Number of protein chains: 2
Amino acid sequence: MKKKKPTIKDIAREAGVSTSTVSRVINNNYPVHDATRRKVEEVISKRRFQPNYFARGMISNKTRTVGVLVPSLINVFFPVVVTSIENYLKSHGFTLFLCDTEASEKEERAYIHRLIEKNVEGIICLDPSTPNILSGFYEKMSGETPLVLVNAYNEGVKCNFVLNNQKRGTMEALEYLAGLGHTNIALLRGSKSYSSALKEEYYLSFMGKKSFPIREENIITIPSGNDLETVQHSMKKVHERLLEPHPPTAILACNDWMAVGARNAVKKLHKTVPCHLSLIGFDNTIIAELCEPKLSSVTLNMEDLGRVASELLLEIIEKPSFVPQRRYLPTSLVHRESCAPLKE
Amino acid sequence: MKKKKPTIKDIAREAGVSTSTVSRVINNNYPVHDATRRKVEEVISKRRFQPNYFARGMISNKTRTVGVLVPSLINVFFPVVVTSIENYLKSHGFTLFLCDTEASEKEERAYIHRLIEKNVEGIICLDPSTPNILSGFYEKMSGETPLVLVNAYNEGVKCNFVLNNQKRGTMEALEYLAGLGHTNIALLRGSKSYSSALKEEYYLSFMGKKSFPIREENIITIPSGNDLETVQHSMKKVHERLLEPHPPTAILACNDWMAVGARNAVKKLHKTVPCHLSLIGFDNTIIAELCEPKLSSVTLNMEDLGRVASELLLEIIEKPSFVPQRRYLPTSLVHRESCAPLKE
DNA sequence: CTGAAAGCGCTAACAG
DNA sequence: CTGTTAGCGCTTTCAG
């Protein structure tokens, strides 16, 4: 025998006022006599009354709710960004739907539909899949619901973006290696990753500008990924490369997991980082700190990424007529212990 | 000039039927003529009609929504559990609110209220704070909303729990160390952690049973935590301990971060794990795999934890009369490279 | 099989 | 300052 939840009507009756007065007390948006107010509040707390979410929503059409899509939470990177988003949004009264798309384009779309159906006031999508961007899917839906895309393919797309200026960090890392005397530098990248493609472009342009020898074998490609498996792949490929002629004396890895794999490869040859090979990772995750030796890594400023994405989203929510824009965040090299001057 | 979203009324008018018929088509719960149905469906998809979430909720009172509370996402542990929950719940049509309490009791309560206000159908709380349990807060609210508490203090509390049988794993780890000849074993624990307290209890009982010397200094206590800071604290304290008389030859750490700190301490003394000290971590996070040497660690079967918690929650949601119950998950030692026989 | 009509619980004019 | 009332968009009897 469960007691039915009290409604505003019950409260009104018990307090001897009309429902509108109760409503006014709840919302505190119109003048109410102090005595009346007190009386109503008393009944409210006595009956543990909570206004019905749906009835309110029906009128305000507000959910104070935001959806966040991530390709994965098991990679030390996104949890930091999500936390940053969560904390920011929380302080603005929003609660967050977490959606793990498992990097599937289909899941991505399915989740977006679910979120819209649930009347979220906005959506942030981390690393959205390129096909969904190219197909116009996001462009279309961003007309219906405030949307921010983070670190995504963005050429000619009319959506709001927050992007890392990958170029700056990549160049800084490469310059640094060059400054240490390295000319035979390899790039370790993921096969189908947009950001890896970007980095390769910068790498090539850098090597060209410096007139360093560009060797095809020095672009080491492994399956895209951000987990333990990536470490394995990377270790295998780097190990092979190190056994070939003209082994690189320095490697720039497109994420920290790859860098760890590279370190393992070096170790397998009974050599060490940074004595025999200088190594720089990307993303500056905790892995870089945990690694032995500690890994120099290009930071993406993940907290900022989350914060800026949240800020942008809130702006769009406030002002839906917002003109799509791109916000760029800097990247820069964090120095640790994995690089050393080239030995003659 | 934004076109207003179409309502069921618009669809009805355009399809030349009544709103009830449209409703029946949408819900597919009453017979409708095939021709009529087709006509209605056509209009629906043409107008891209989506039934109003609130209006529906007002009647069904269902949100297909679940809240998950975590003390943190930046610790390699909870993301795995959350992912497991998310994946399970997703397949049952639920979407998940993620709430980062930052391990604050107050935030915990605030979030719970927010979630209830949003009409979630259930709540899973990972590592809830003990005070909130002891105060009866959770016991009371679990009467109103289906609730599952994971890895929490649970004596005499009438809530649904999913718990790791910490004893089994702890004992297995200690037995293993003893089998390698270690008798001077230290425990590295967090100061205010419930699970650390549990482990200390088992540790003491084990040492007693084996008649191994119990040294007060061998219970090394550092501030509770699950992050980089924990590594620092742990390294410092272990380093100190290693310099005292009768340094331990093996350490059981209450989580993997602590274990890494211990390894660093050993390294700082120009010694190595496992040659000079055997080391076992707890939680079996990726850190254990990433660590050099790879860390033997007691696994909490995090995926199972998430799955079982979700299963339990769904059962309660289906059958609210459910009698509060406790589900225990086993823990066991995962062997890697951080332990070795005691040298004479 | 289909339509009319009565709400669900709340807010927001509008009238006092 | 307060009460009356008309919906918000949908589902669900109840009659046909």
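Residue numbering restarts at 1 for every chain, and letters A, B, ... go by the order of the sequence lines. Computed from heavy atoms alone, side chains included, the values below leave out hydrogens, waters and symmetry copies. Model, not experiment: these values are computed from the prediction.
Evaluation of the side chain to side chain donor-acceptor pair (under 3.5 Å) rule for Arg109(B) yields Asn132(B) as partners, not counting sequence neighbours. With sequence neighbours excluded, the residues satisfying salt bridge (Lys or Arg N to Asp or Glu O under 4.0 Å) with Glu102(B) are Lys90(A). Considering only residues two or more places apart in sequence or on other chains, Glu303(B) meets the side chain to side chain donor-acceptor pair (under 3.5 Å) condition with none of them. Remark: Ser18(A) engages Ser20(A), Thr21(A) in a side chain to side chain donor-acceptor pair (under 3.5 Å) (not counting sequence neighbours). Remark: Asn52(B) engages Phe54(B), Ala55(B) in a side-chain contact (heavy atoms from CB on, under 4.5 Å) (not counting sequence neighbours). Considering only residues two or more places apart in sequence or on other chains, Thr83(A) meets the side-chain contact (heavy atoms from CB on, under 4.5 Å) condition with Asn87(A), Leu73(B), Ile74(B), Asp100(B). Evaluation of the ring pair (Phe, Tyr, Trp, His ring centres under 6.0 Å) rule for His92(A) yields Tyr88(A) as partners, not counting sequence neighbours.
Near DNA chain D, meaning a heavy atom under 4.0 Å away, there are no residues from residues 34-46 of chain B.
The outermost nucleotides of DNA chain D lying under 4.0 Å from heavy atoms of chain A, listed 5' to 3', are dC1(D) to dG9(D).
For residues 146-161 of chain B, no pair satisfies salt bridge (Lys or Arg N to Asp or Glu O under 4.0 Å), with sequence neighbours left out.
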- Message: Each nucleotide in nucleotides 4-16 of chain C should get exactly one letter: B, S or -. Can you fill that in based on protein heavy atoms under 4.0 Å?
- Response: B--BBBBSBB---
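Axis angle, first five pairs versus last five pairs of the helix from dC1(C)-dG16(D) to dG16(C)-dC1(D): 40°, rounded to 10°.
Ring geometry, Phe97(A) versus Phe97(B): the interplanar angle falls under 30°, so the pair is classed parallel (tilted spans 30 to 60°).
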